[in-house]
Protein chains: 2
Amino acid sequence: MSSSSSSSASETEIFQYIDLHQNVFVKNLEEWVAVESDSVQTDLRKEVIRMMALAADRLRALGAAVNSVNLGSHQLPDGQNLPLPPVILAELGKDPQNPTLCFYGHVDVQPAKKDDGWKTDPYTLTEINGNLYGRGATDNKGPVLAWINAVETFRALKLAMPVNFKFVIEGMEEAGSLGLEKLLEEEKQCFFADVDYIVISDNLWLSNSKPALTYGTRGNACFFVEVKDTGCGDKDLHSGTFGGIIHEPMMDLIALLDSLVDPTGHIRIPGIYDSVAALTEEERKLYESIEFDLEEHKNNSGVKKFLYDTKEEILLHLWRYPSLSIHGIEGAFHEPGTKTVIPAKVIGKFSIRQVPHMDLSVVKRQVVEYLEDVFSKRNSPNKLKVSMPLGAEPWVADINDPLYIAARRAVKTVFREDPDFIRDGSTIPIARMFQTIMQKSVIMLPIGAADDGEHSQNEKISRYNYIEGTKVFAAFFLEISKLHGQLQETSNTKTDN
Amino acid sequence: MSSSSSSSASETEIFQYIDLHQNVFVKNLEEWVAVESDSVQTDLRKEVIRMMALAADRLRALGAAVNSVNLGSHQLPDGQNLPLPPVILAELGKDPQNPTLCFYGHVDVQPAKKDDGWKTDPYTLTEINGNLYGRGATDNKGPVLAWINAVETFRALKLAMPVNFKFVIEGMEEAGSLGLEKLLEEEKQCFFADVDYIVISDNLWLSNSKPALTYGTRGNACFFVEVKDTGCGDKDLHSGTFGGIIHEPMMDLIALLDSLVDPTGHIRIPGIYDSVAALTEEERKLYESIEFDLEEHKNNSGVKKFLYDTKEEILLHLWRYPSLSIHGIEGAFHEPGTKTVIPAKVIGKFSIRQVPHMDLSVVKRQVVEYLEDVFSKRNSPNKLKVSMPLGAEPWVADINDPLYIAARRAVKTVFREDPDFIRDGSTIPIARMFQTIMQKSVIMLPIGAADDGEHSQNEKISRYNYIEGTKVFAAFFLEISKLHGQLQETSNTKTDN
């Protein structure tokens, strides 16, 4: 696709360069995909480290100053110590007139084997019908390279850089980003001191064809509900010898879990909805235009019927209302077949995907008080313990922030349509982490399509998305620079007055 | 203990012989315990087969005609074929004036290793403070030998045999009695044709010190409740991507399981108690005298509080009322830690210990109809399937049958007190199997004490119980012979008239 007629001269030149060099860019992706930088399987750690070195070389070739920060090692469950891959902190440009964009990405991947059901070798980038198949193609090697390609284009065309760049590239994202948060905290006042905006391109559009900007994710509060018998809870009993004469811990647990949600999906915990942000008219309007094919979603997921019938209701309940899911029970019989056991200690696992402005500590109190109340009404002699072993906050951004305005303009320029403003029902801690630590605005700016299959077999990015995504990033540099300049002027004017 | 003053001359002689030869009897048990005839661990099968040969030799030494019936082999899950140990069918005496007693026992054992927490080597019978420790001491080598010792005593003293004997000795009891039922069916009109009474001594007293006769066991109806999502139920979903917009199968299953029993232990399934035999005054009286130490039971089980406070209520609910226990859930997350999964297909497992005169097919219909009704009220689009993969009938005997009268008299003679008439809350298919196939009365006549620890570490039988148990069997031969003779006379008189 050529650039729109309203593009400035340099924009046209940039887009032409990207179109002309697309085979080089695809070749670069092929080289990166060829590295089995699987951070999950520990025997492949050296490949992750080799991948980090390749990424560092690539950034040096751009002219960036690269620091590969050694994070030491971590201990595996078997006691073995394994080196962590370094985190790359790189910077390019220090013009005080320019805004500084910090880009986060990762070059490690999920495990993949041909035998898992791949039609092509997962580590050989293979183009079929315009799609580039390979592990990491969309998550996240493709988008990282697209960003680098965009910077490279400015350099190749000897254009003035409209922004300063910082890069944070890690190799442990698929294994929990070990050590990253600590590093961000440590470097907050140093490497990150002059960052103005943070961009993450590590998720997907909602649709197969319509671009999107992501401005929120739900949180995740995980709960354990432990019920153990009046003994020590360490000795399962036989249902022949004790069935009918004891208060079974499983019965109590099942009743507690059954009290959480009604059949319409409404959470029964008193007060749980009190702090949920009210839906504004502006926000509701965002949902109307969103491209979301319900039938396609049903086909992809295999789910034939949802709790709601309209696109709007489904997205609202997925993104901006809390949900509660029951995951399972630890300590009970879980194998095929039959076993006449009365488990002595059982732990129910459920989680609440909480949303702004629910407070984690309030949610925890509400859950504990409610379950203790339900339990007390059963007059059971068993012992109840409710805990929240994990609590991740939700994240939401202001879509009127310059980051979003600039990204929307860039998308419009390249794809000739406005992006959907979407959220993610899942928890993506990285956005919240950057926002909390840096106190700067964050955007999630995906370039991959909904059907890219991140983490699945036959992961891909289309050549179209990869190349147009590169153009979006380049256009975005120009837009954010422009907006930032205007903001600075306004700000300076204000200060002068 | 000497025999009571009312014993006949031969009874006194018999008991004296048993007391005098007790060390020989203990030595015999030591030889049997030394064989690791573990039928559960397949690599020890040859030891089971060796044990069967020893038992056959022992019976031949008594003068019995022994037939070791080859049952062929069975296939293991890995495809390997393993020979089954033979079942011994032996007989001794064919006097048409005598009743024929069929004794069932087994000489295979549960696995045991010193490392499991045994204080002594499990395969070296070790006497400490009057207890004989060793695997199989009480389950079931000790009782089988006690029966043989009793027969041997009549032979050694050259006394006329008061009864004819048949023996069924197997080596696969701990592994599910493979092939036994088929053999019983096949031999029903042949080997078993002239059997009058069946005696099983493969359980324990309820108390550590008071003898008991067992006249009933509960049944076991196992249920699977499968709920799967509107897709194929083969693809778990992510709680971030689907939490809040779908009817989770786990929610439906939890609600179904929660509908089964109220907090007081009462089963909520309509009609489930309709066929439970009414409690007669005679039956209630049996419970009053039973020796059952609630505190001891609490200590042994670790359970500090039961649903009922009195001995009578507890035993009634354990033995002659149905109970429902929830065992667990297959298909949900069951490991330690957290996982954000929405399981696509879950199978709840519960069982009902049913009692006379509940009919298995009626119970199944009641359960299915009730759960389908509860499910329909949830308006869930998920799919429900309720099945009963296992259904074992309860067993109850008439305690006024000659078998029980004779056994009570024998116990009274040896232990100078009446036995407790007890049931078992568990399911012991063997009693029901013999009763159904042979259509003859069956007694479970235990000689081991409640604290013998069958299947546990440090299994034992006390020297006292082993030797007095031998006397009980010998006295029982005389009593059943006497009673049977009287019955024959009554019956002949009736026929003559």
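Atom set for the values below is all heavy atoms of this structure, side chains included, hydrogens, waters and symmetry mates excluded. Just so we're on the same page: letters track the sequence lines, and every chain starts at 1. Remember, it's a predicted structure, so these values are computed and weren't measured experimentally.
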Report task. Look up atom CD1 in B:I314 and atom OG1 in B:T310, then write down how far apart they are to the nearest 0.5 Å. Result -> 6.5 Å

Requested in this report: Please name the residue in the list A:D424, A:T214, A:D139 that meets the side chain to side chain donor-acceptor pair (under 3.5 Å) test with A:N203.
Outcome: A:T214

Query raised in the report: Closest approach of B:I272 and B:I352, non-hydrogen atoms and distance?
Result: CD1-CD1, 4.1 Å

Requested in this report: For residues A:L371 and A:S259, determine if any side-chain heavy atom of one lies less than 4.5 Å from a side-chain heavy atom of the other.
Outcome: yes

Report task. For each of B:G425, B:G302, B:G243, tally heavy-atom pairs with chain A at distances under 4.5 Å, and name the one with the top tally. Result -> B:G243

Query raised in the report: So what's closer than 4.5 Å to chain A heavy atoms on B:L324: side chain, backbone, both or neither?
Result: both

Report task. Determine the minimum heavy-atom distance between A:Q457 and A:D116, stating which atoms define it. Result -> NE2-O, 2.9 Å

Query raised in the report: Is any side-chain heavy atom of A:I267 closer than 4.5 Å to a side-chain heavy atom of A:L260?
Result: no

Report summary line: The interface call for A:S239 against chain B, heavy-atom contacts under 4.5 Å, is both

Query - chain A contacts, top residue of B:F306, B:W319, B:F350 (heavy-atom pairs, under 4.5 Å) - result: B:F306

Requested in this report: Flag the one option from B:P389, B:S323, B:A332, B:S351 with the top tally of heavy-atom pairs under 4.5 Å to chain A.
Outcome: B:S323

**Report entry** Distance flag, aromatic centroids of A:H317 and A:Y308, threshold under 6.0 Å
**Finding:** yes

Query raised in the report: At a heavy-atom separation under 4.5 Å, does B:L390 approach chain A through its side chain, its backbone, both, or neither?
Result: side chain

Requested in this report: Search all heavy atoms of A:E296 against all heavy atoms of A:D293 and return the closest pair with its distance.
Outcome: N-OD1, 3.0 Å

Requested in this report: Report the C-alpha distance between B:M251 and A:D258 in whole Å, list the side-chain angles of each, state the deciding distance to 0.1 Å, and finish with yes or no for side chain to side chain contact (heavy atoms under 4.5 Å, CB included).
Outcome: CA-CA 7 Å; B:M251 299 277 186; A:D258 189 32; over 6 Å; no

Query raised in the report: Side chains of A:D252 and A:N382: is there a donor and an acceptor less than 3.5 Å apart?
Result: yes

**Report entry** Choice from A:G331, A:S325, A:G231 maximising heavy atom contacts with chain B below 4.5 Å
**Finding:** A:S325

Report summary line: Counting heavy-atom pairs under 4.5 Å with chain A, the top scorer among B:H266, B:H247, B:K305 is B:H247

Requested in this report: Could you tell me which portion of A:S380 (side chain, backbone, both or neither) has an atom closer than 4.5 angstrom to a non-hydrogen atom of chain B?
Outcome: neither

Query raised in the report: At a heavy-atom separation under 4.5 Å, does A:Y321 approach chain B through its side chain, its backbone, both, or neither?
Result: neither

Can you give me every donor-acceptor pair (side chain of residues 334-345 of chain B, partner residue at least two apart or in another chain, under 3.5 Å) with its distance?
from	atom 1	to	atom 2	distance (Å)
B:H334	ND1	A:H334	NE2	3.4
B:H334	NE2	A:H334	ND1	3.4
B:T340	OG1	B:H238	NE2	3.4

Report task. For chain B, find its close neighbours in residues 217-225 of chain A: heavy-atom separation under 4.5 Å, sorted by number, or none. Result -> A:R218, A:N220, A:C222, A:F224

Query raised in the report: Measuring heavy-atom distances to chain B, does A:R378 have an atom under 4.5 Å in its side chain, in its backbone, in both, or in neither?
Result: both

Query - Between B:F242 and A:H297, ring centroids under 6.0 Å - result: yes

Query - B:L257 versus chain A, the contacting section by heavy-atom distance below 4.5 Å - result: both

